[in-house]
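Working notes for the structure below.
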Amino acid sequence: MLRIAVPNKGMLSEPAWNMLSEAGYRLRSNPRQLVVEDPDNEVELFYLRPLDIAVYVGRGTIDVGITGHDLLVNSGTDAKEHMQLGFGASTFRFAAPNDSPITKLEDIEGKRVATTFDKLVHDYLVEHGINAETVHLDGAVESSVQLGVADLIADVVSTGTTLRNAGLRVFAEPLMHSEAVLIRSPRLAEDDDRLTILSRRLQGVLTAQRYVLMDYDIPVEKVSTAVNITPGFESPTISPLHDKQWAAVRVVVPKAKVNLLMDQLYEVGARGIIVTALQASRM
């Protein structure tokens, strides 16, 4: 069986569970379950702490896992990033108190930086020639300055609301941009059939999230113009209608461009334009 690690909590957990569910895998029915066997799909799911997943994949017996790119880098293991999963986008930033004189990267010299990602931060500072102390804390680090254990923090920022509420402001360039990724064990070949099936299923979910199916009728003499507007992946499906002067077109289009494409198609004579959501796909 393919052993898959998924986050048991945190911002990546529910999107990861939903993606695996839409890909056809069985999830736990009880939040206390830590291991779920799915014999139909020949996988085992292990619900682990997000911070630990890369370690289990890189050094243990877990084959693949869903975690953050930042968590993978910070783990220092040999786990390999296999594919991006399109959710959990975040930015890793430095933040200091609003009244602090620390306003640029060079100001960190000699300071104390509280973070959960001490390896990531240490490596970044060394790379930029800055000598500072990293203070490792598990969990929220926003209170570390107020409580006297650090001069600034380095942490994942999504909207920045938590930092602002703690009287902190971000500064300098981001250390890293991150999102959820599928990682694999260094002992698992990149072309392993089990990994290929999992990757194809997850990519199918991503495609279904990003694309929709569009149907429309178009005068035969305008088919070429319409196809230029909606070329699809390989080519649209074009079918004759009872009225020989019209053709029906079915094509997959980006969800983000649906209204723009409908406007353009209508202008060139398309009618009966219908959009349908995709549940799953294999492209």
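The structure displayed is predicted, hence computed values, not measured ones.
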Assess whether side chain to side chain contact (heavy atoms under 4.5 Å, CB included) is satisfied between Asn98 and Ser100, documenting all intermediate values.
CA-CA 6 Å; Asn98 292 326; Ser100 169; over 6 Å; no

With distance as the sole test, does [X] use its side chain to make a donor-acceptor pair with the main-chain N or O of [Y] at under 3.5 Å?
{"X": "Thr230", "Y": "Ala226", "answer": "yes"}
{"X": "Ser178", "Y": "Asp70", "answer": "yes"}
{"X": "Arg49", "Y": "Asp52", "answer": "no"}
{"X": "Thr207", "Y": "Gln203", "answer": "yes"}
{"X": "Lys80", "Y": "Ser185", "answer": "no"}
{"X": "Ser75", "Y": "Val55", "answer": "no"}
{"X": "Arg112", "Y": "Gly148", "answer": "yes"}
{"X": "Asn18", "Y": "Glu14", "answer": "yes"}
{"X": "Asp38", "Y": "Val43", "answer": "no"}
{"X": "Trp17", "Y": "Arg28", "answer": "no"}

Taking atom types as modelled, is there a side-chain donor on Arg201 or Asn41 under 3.5 Å from an acceptor on the other?
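There is such a pair (donor and acceptor under 3.5 Å, judged by atom type) between the side chains of Arg201 and Asn41.
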
With no hydrogens and no angle check, just 3.5 Å: does a side-chain donor-acceptor pair link Thr103 and Asp107?
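Judged by distance alone, the side chains do pair up.
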
Are more than 12 heavy atoms from other residues, nucleotides or ligands located less than 6.0 Å from atom [atom1] of [X]?
{"X": "Glu106", "atom1": "CD", "answer": "yes"}
{"X": "Gln33", "atom1": "CD", "answer": "yes"}
{"X": "Arg250", "atom1": "CZ", "answer": "no"}
{"X": "Glu81", "atom1": "CD", "answer": "yes"}

Looking only at non-hydrogen atoms, find the nearest pair between [X] and [Y] and report the distance.
{"X": "Leu71", "Y": "Pro50", "answer": "CD1-O, 3.6 Å"}
{"X": "Ser144", "Y": "Leu137", "answer": "CB-CD1, 3.6 Å"}
{"X": "Gly88", "Y": "Leu12", "answer": "CA-CD2, 3.7 Å"}
{"X": "Glu142", "Y": "Leu168", "answer": "O-CD1, 3.9 Å"}
{"X": "Pro7", "Y": "Ser13", "answer": "O-CB, 3.6 Å"}
{"X": "Val57", "Y": "Arg184", "answer": "CG1-C, 3.4 Å"}

Stepwise side chain to side chain contact (heavy atoms under 4.5 Å, CB included) check, Val64 with Leu195
CA-CA 8 Å; Val64 296; Leu195 179 59; 3.7 Å; yes

Answer whether the closest heavy-atom distance between the side chains of [X] and [Y] falls below 4.5 Å.
{"X": "Met1", "Y": "Arg194", "answer": "no"}
{"X": "Met19", "Y": "Leu206", "answer": "yes"}
{"X": "Val36", "Y": "Arg26", "answer": "yes"}
{"X": "His82", "Y": "Ser199", "answer": "yes"}
{"X": "Leu20", "Y": "Leu202", "answer": "yes"}
{"X": "Thr115", "Y": "Ile153", "answer": "no"}
{"X": "Leu182", "Y": "Leu198", "answer": "yes"}
{"X": "Thr61", "Y": "Tyr56", "answer": "no"}

Show your reasoning for whether ring pair (Phe, Tyr, Trp, His ring centres under 6.0 Å) applies to Phe117 and Phe92.
CA-CA 10 Å; Phe117 299 78; Phe92 203 83; 4.9 Å; yes

Would Arg3 and Asp63 pass as an ion pair if we require N to O under 4.0 Å?
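Judged by the 4.0 Å cut-off on N to carboxylate O distance, Arg3 and Asp63 do not form a salt bridge.
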
Rounded to the nearest 0.5 Å, what's the gap from [atom1] on [X] to [atom2] on [Y]? Could you check?
{"X": "Met262", "Y": "Tyr216", "atom1": "CE", "atom2": "OH", "result": "12.5 Å"}
{"X": "Trp246", "Y": "Ile218", "atom1": "CH2", "atom2": "CD1", "result": "6.5 Å"}
{"X": "Ile66", "Y": "Ile183", "atom1": "CD1", "atom2": "CD1", "result": "10.0 Å"}
{"X": "Met176", "Y": "Thr91", "atom1": "CE", "atom2": "OG1", "result": "11.0 Å"}
{"X": "Glu179", "Y": "His177", "atom1": "CD", "atom2": "NE2", "result": "11.5 Å"}
{"X": "Asp138", "Y": "Leu51", "atom1": "CG", "atom2": "CG", "result": "7.0 Å"}

Answer yes if [X] and [Y] sit in the same cluster of Ile, Leu, Val, Met, Phe, Trp and Tyr residues linked by side chain heavy atoms under 4.5 Å apart, and no otherwise.
{"X": "Leu2", "Y": "Leu85", "answer": "yes"}
{"X": "Val141", "Y": "Val145", "answer": "yes"}
{"X": "Val181", "Y": "Val156", "answer": "no"}
{"X": "Val249", "Y": "Val212", "answer": "yes"}
{"X": "Leu163", "Y": "Leu120", "answer": "no"}

Report yes or no: is the cationic atom of Arg271 (NZ for Lys, CZ for Arg) closer than 6.0 Å to the six-membered ring centre of Tyr266, at no more than 45° off its axis?
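So Arg271 does make the cation-pi contact.
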
Please say whether the positively charged group of Arg93, taken as NZ for Lys or CZ for Arg, lies over the ring of Phe171, i.e. under 6.0 angstrom from the six-membered ring centre and within 45 degrees of the axis.
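Negative - Arg93 is either too far from the ring of Phe171 or too far off its axis.
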
Distance-only criterion, 3.5 Å: show the donor-acceptor pairs between side-chain atoms of residues 122-135 and protein atoms not counting sequence neighbours.
unit_1: Asp123; atom_1: OD2; unit_2: Lys119; atom_2: NZ; d: 2.6
unit_1: His128; atom_1: ND1; unit_2: Tyr124; atom_2: O; d: 2.9

Passes side chain to side chain contact (heavy atoms under 4.5 Å, CB included), Val6 versus Leu48? Steps please.
CA-CA 6 Å; Val6 296; Leu48 303 173; over 6 Å; no

For Met214 and Ile273: C-alpha separation, side-chain torsions, deciding distance, then whether side chain to side chain contact (heavy atoms under 4.5 Å, CB included) applies.
CA-CA 7 Å; Met214 181 177 286; Ile273 307 172; 4.1 Å; yes

Which one of Asn228, Ile229, Thr225 satisfies the side-chain contact (heavy atoms from CB on, under 4.5 Å) criterion with Gln264?
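It is Ile229, the one option of Asn228, Ile229, Thr225 that forms the side-chain contact (heavy atoms from CB on, under 4.5 Å) with Gln264.
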
Let me check something: any side-chain donor-acceptor pairs from residues 275-283 under 3.5 Å, sequence neighbours excluded? List them with distances.
unit_1: Ser281; atom_1: OG; unit_2: Gly204; atom_2: O; d: 2.9

